[in-house]
Amino acid sequence: MEQNAPKRRDNKKSLRVKVISLGNAEVGKSCIIKRYCEKRFVPKYLATIGIDYGVTKVQVRDREIKVNIFDMAGHPFFYEVRNEFYKDSQGVLLVYDVGLRESFAALDSWLGEMKQEMGSQANMESIVFIVCANKVDLLKRRVVDEGEGRLWAESRGFHYFETSAQSGEGINEMFQAFFSSITDMCENGGKRPVSEVSVGFTKEQADTIRRIRSSKDSWDMLGVKPGATREEVNKAYRKLAVLLHPDKCVAPGSEDAFKAVVNARTSLLKNIK
Ligand code: GTP
Ligand code: MG
């Protein structure tokens, strides 16, 4: 009896979790997992056919975590195979290639596919999401910067990490944060702990920064019609300045967005009588 007691306690401390990887084909999902589990990098592209499954054991604080990893194929051709595997995941690795804007833009549709396949079971608050901005080693071809990626992730309450499966940069830190958050969530009764969801800035601030980044001219940036009056420009400017002032807004990219808004107002006022 005495001998069994510690074993029972240990069992209580062990956890089994399921994680999945999502993102366009060729962004590096399999290589990230391989880098972490096997400490190696394969330069040749070997597309995942449907799903690759693996198990790894990790230690988080006093718990042993058995992680079941379902590495999904990103190619649309494998949708029918993939869609079976979304359910019952505690963690999702969302991966994009910092050199391919379309792979970043596709993250929303990956979340959409996941929600659709999980159906009524879709409780996104019970899943830890981690965004990997991958291939950061390829500096010259980078087109999605850190501010943009971080903003997309953190405004949704997701973690954000810059990674390179090739050099190993960010990989261990990312997985440690991932497993530790999943453990926190399980210990918190299956809900993501509040501290992780609250990121210190609002969705309105994040959406505004995104809108400013993609605006086509100064009118568009201030959200006024071409030909607007000085008063209309100043009113729109004041509203944005209050929302984005770097003293008040900690969202990634707020400083640049604030500067852009100041410049837009100056250039518009120059041309309005
Ligand atoms: P699917 O299985 O088709 O969905 O693709 P995947 O996302 O699993 O991509 P995979 O891991 O197979 O990697 C695709 C290609 O990108 C391979 O040629 C890898 O060697 C390369 N690659 C992956 N990660 C990195 C990285 O961080 N840096 C560089 N330079 N190349 C990478
Ligand atoms: Mg793969």
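Order of appearance sets the numbers: ligands from 1, and atoms from 1 within every ligand.
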Short N-O contact, Lys135 and Glu26, less than 4.0 angstrom: no
Between Asp71 and Lys34, does any NZ, NE, NH1 or NH2 come within less than 4.0 Å of an OD or OE carboxylate oxygen? no
Does any N or O of ligand 1 fall below 3.5 Å from an N or O anywhere on [X], backbone included?
X	result
Leu138	no
Gly74	yes
Gly23	no
Val27	yes
Ser30	yes
Asp71	no

Number the atoms of ligand 1 from 1 as they appear, then name those within less than 4.0 Å of a heavy atom of [X], with their elements.
X	result
Lys44	18 (O)
Asn134	24 (N), 25 (C), 27 (O)
Gln166	26 (C), 27 (O), 28 (N), 29 (C)
Lys29	1 (P), 4 (O), 5 (O), 6 (P), 7 (O), 8 (O), 9 (O), 11 (O)

How about the Mg ion (ligand 2), which protein N, O or S atoms come within less than 2.8 Å? Ser30 OG, Thr48 OG1
What part of Ala73, side chain, backbone, both or neither, has a heavy atom within less than 4.0 angstrom of ligand 1? backbone
Using a 4.0 Å heavy-atom threshold (strictly under), name the region of Asp137 that reaches ligand 1: side chain, backbone, both or neither. side chain
Could you find the nearest protein heavy atom to [atom] and give me its residue, atom name and distance?
atom	value
atom 3 (O) of ligand 1	Tyr45 OH, 2.4 Å
atom 20 (O) of ligand 1	Val42 O, 2.7 Å
atom 27 (O) of ligand 1	Ala165 N, 2.8 Å

Will you find, in the side chains of Ser103 and Asp97, an N or O donor that is under 3.5 Å from an N or O acceptor? no
Take atom CZ in Phe77; do more than 12 heavy atoms of anything else shown fall under 6.0 Å from it? no
Side chain to side chain donor-acceptor pair (under 3.5 Å), that's the test. Do Tyr86 and Gln116 meet it? Break it down for me. CA-CA 10 Å; Tyr86 282 110; Gln116 183 190 313; over 6 Å; no
Please say which of His75, Glu113, Glu117 ends up in a side chain to side chain donor-acceptor pair (under 3.5 Å) with Arg82. Glu113
Going by side chain to side chain donor-acceptor pair (under 3.5 Å), Asp207 matches just one of Arg211, Lys203, Gln205. Which one? Lys203
Partner of Phe129 by ring-ring contact (aromatic ring centres under 6.0 Å, His included), out of Tyr160, Phe178, Phe158, Phe161: Phe158
For the side chain of Thr183 and the backbone of Phe179, is there at least one donor-acceptor N/O pair under 3.5 Å apart? yes
Please work out which of Lys135, Arg141, Glu26, Lys34 has its closest non-hydrogen atom nearest to atom 21 (C) of ligand 1. Lys135
